[in-house]
Amino acid sequence: EVQLVESGGGLVQVGGSLRLSCAASGFTFDDYVIGWFRQAPGKEREGVSCISSSDGLTYYADSVKGRFTISSDNAKNTVYLEMNILKPDDTAVYYCAARLGNWHFDFAPPESWYDYWGQGTQVNVSS
């Protein structure tokens, strides 16, 4: 059974940093795409970033480019989202999602493409 568990959320002040983790189990961690999404109160869920294991390609939403970095540690079956220079607009529940296989397009896969989802971790940025 594939499971994704997010951690690392919390309360941080504007300009601060957090590192989210997405620990995966139930599949061989060598051919996958993992994405990070977020949903703020009253808003639709939006894509933040994703990484493709086959070629190391990464994608970022314009709103987080230059501030967030996605990375993976295959030995730990974990994908990370390093978030810096946090803003109040970054406040949301952050989810990771996974699909086995790869993605070779020059845009991030849509939310509907993913097969597995975690339960989410709350990030609150206070001003």
Side-chain angles (χ1 to χ4, degrees):
E1 178 187 5
V2 174
Q3 287 192 325
L4 302 174
V5 179
E6 303 95 334
S7 62
L11 175 64
V12 64
Q13 291 186 330
V14 169
S17 299
L18 283 174
R19 187 177 78 161
L20 304 184
S21 299
C22 174
S25 61
F27 65 94
T28 303
F29 208 70
D30 60 1
D31 191 17
Y32 59 85
V33 175
I34 287 185
W36 283 99
F37 292 79
R38 67 185 181 186
Q39 187 166 23
K43 295 185 178 180
E44 294 186 353
R45 190 156 56 186
E46 63 174 355
V48 175
S49 181
C50 70
I51 186 167
S52 174
S53 67
S54 61
D55 48 19
L57 282 179
T58 58
Y59 304 85
Y60 297 93
D62 287 343
S63 59
V64 306
K65 280 181 183 176
R67 301 188 298 122
F68 290 12
T69 302
I70 192 170
S71 62
S72 64
D73 185 339
N74 288 354
K76 295 183 178 180
N77 285 17
T78 301
V79 168
Y80 302 99
L81 185 68
E82 183 76 32
M83 307 187 297
N84 298 312
I85 317 175
L86 284 163
K87 306 175 181 179
D89 284 349
D90 296 318
T91 293
V93 178
Y94 283 71
Y95 301 88
C96 66
R99 175 164 170 160
L100 306 184
N102 47 59
W103 178 264
H104 295 300
F105 298 96
D106 60 0
F107 54 90
E111 181 178 336
S112 59
W113 184 79
Y114 291 91
D115 292 324
Y116 307 102
W117 290 82
Q119 293 301 306
T121 185
Q122 178 72 50
V123 171
N124 290 306
V125 183
S126 65
S127 56

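As the structure is a prediction and not an experimental result, all values here were calculated from the model.
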Enquirer: With the side chain counted from C-beta on, respond yes when Leu11 and Ser126 share a heavy-atom pair under 4.5 Å apart, and no when they do not.
Expert: yes
Enquirer: Identify, with sequence neighbours excluded, every residue that meets side-chain contact (heavy atoms from CB on, under 4.5 Å) alongside Val93.
Expert: Tyr95, Gln122
Enquirer: So does Gln119 have more than 12 non-hydrogen atoms from other groups sitting under 6.0 Å from CD?
Expert: no
Enquirer: Check for me, please, whether Leu86 and Val14 land in the same ILVMFWY cluster - side-chain distances under 4.5 Å, paths through other members count.
Expert: yes
Enquirer: Which heavy atom in Ala24 sits nearest to a heavy atom in Leu4, and how many Å separate them?
Expert: CB-CD2, 3.6 Å
Enquirer: What about Leu100 and Trp103, same hydrophobic cluster or not, with Ile/Leu/Val/Met/Phe/Trp/Tyr joined at side-chain heavy-atom distances under 4.5 Å?
Expert: no
Enquirer: Flag the pair Tyr60 / Ser49 as yes when at least one side-chain heavy-atom distance between them is below 4.5 Å, and no otherwise.
Expert: yes
Enquirer: Grab the two heavy atoms, one from Cys50 and one from Tyr114, that are nearest each other, plus how far apart they are.
Expert: CB-OH, 3.5 Å
Enquirer: Taking Glu6 for the side chain and Gly120 for the main chain, is one N or O donor matched with an acceptor at less than 3.5 Å?
Expert: yes
Enquirer: Classify the side-chain pair Ser52/Asn102 by whether it contains a donor and acceptor separated by less than 3.5 Å.
Expert: no
Enquirer: Between atom CG of Asp30 and atom OG of Ser53, what is the distance when rounded to the nearest 0.5 Å?
Expert: 6.5 Å
Enquirer: If you take all heavy atoms of Arg45 and Phe37, which pair is closest and at what distance?
Expert: CG-CB, 3.8 Å
Enquirer: May I ask you to test the Gln13-Val125 pair for a side-chain heavy-atom distance under 4.5 Å?
Expert: no
Enquirer: If you define the side chain from C-beta out and look only at heavy atoms, does anything of Asn84 sit under 4.5 Å from Ser17?
Expert: yes
Enquirer: Would the distance check show the side chain of Glu82 and the main-chain N or O of Phe68 forming a donor-acceptor pair, the cut-off being under 3.5 Å?
Expert: no
Enquirer: Looking at Ile70 and Ile34, what are the two nearest heavy atoms and their distance?
Expert: CD1-O, 4.0 Å
Enquirer: What distance separates Met83 CE from Thr69 OG1, expressed to the nearest 0.5 Å?
Expert: 11.0 Å
Enquirer: Are Val48 and Leu81 close enough, and set up right, to give a side chain to side chain contact (heavy atoms under 4.5 Å, CB included), and what steps lead you there?
Expert: CA-CA 10 Å; Val48 175; Leu81 185 68; 4.2 Å; yes
Enquirer: Considering non-hydrogen atoms only, spot the tightest contact between His104 and Ser54 and give its length.
Expert: CE1-OG, 3.8 Å
Enquirer: Can you find a side-chain donor-acceptor pair between Tyr32 and Asn74 that sits under 3.5 Å?
Expert: yes
Enquirer: If every non-hydrogen atom of Ser72 is compared with every non-hydrogen atom of Ile51, which pair is closest and at what distance?
Expert: OG-CD1, 4.0 Å
Enquirer: With side chains defined as the heavy atoms from C-beta onward, is the minimum distance between Leu20 and Tyr80 less than 4.5 Å?
Expert: no
Enquirer: Can you measure from OG (Ser21) to CG (Asn77) and round to the nearest 0.5 angstrom?
Expert: 12.5 Å
Enquirer: Walk me through it: do Tyr116 and Phe27 pass the test ring-ring contact (aromatic ring centres under 6.0 Å, His included)?
Expert: CA-CA 11 Å; Tyr116 307 102; Phe27 65 94; 7.1 Å; no
Enquirer: Using a distance-only test with no angle check, is there a side-chain donor-acceptor pair under 3.5 angstrom linking Tyr94 and Arg38?
Expert: yes
Enquirer: With heavy-atom distances below 4.5 Å as the criterion, would you say the side chains of Trp117 and Val2 are in contact?
Expert: no
Enquirer: Could you go step by step and tell me if Asn124 and Val12 meet the side chain to side chain contact (heavy atoms under 4.5 Å, CB included) rule?
Expert: CA-CA 6 Å; Asn124 290 306; Val12 64; over 6 Å; no
Enquirer: So, does Thr78 use its side chain to make a donor-acceptor pair with the main chain of Lys76 at under 3.5 Å?
Expert: yes
Enquirer: Should the pair Lys87-Asp90 be classified as a salt bridge under the 4.0 Å nitrogen-to-oxygen rule?
Expert: no
Enquirer: Same cluster or not: are Trp36 and Trp113 linked, directly or through other Ile, Leu, Val, Met, Phe, Trp or Tyr residues, by side-chain heavy atoms under 4.5 angstrom apart?
Expert: no
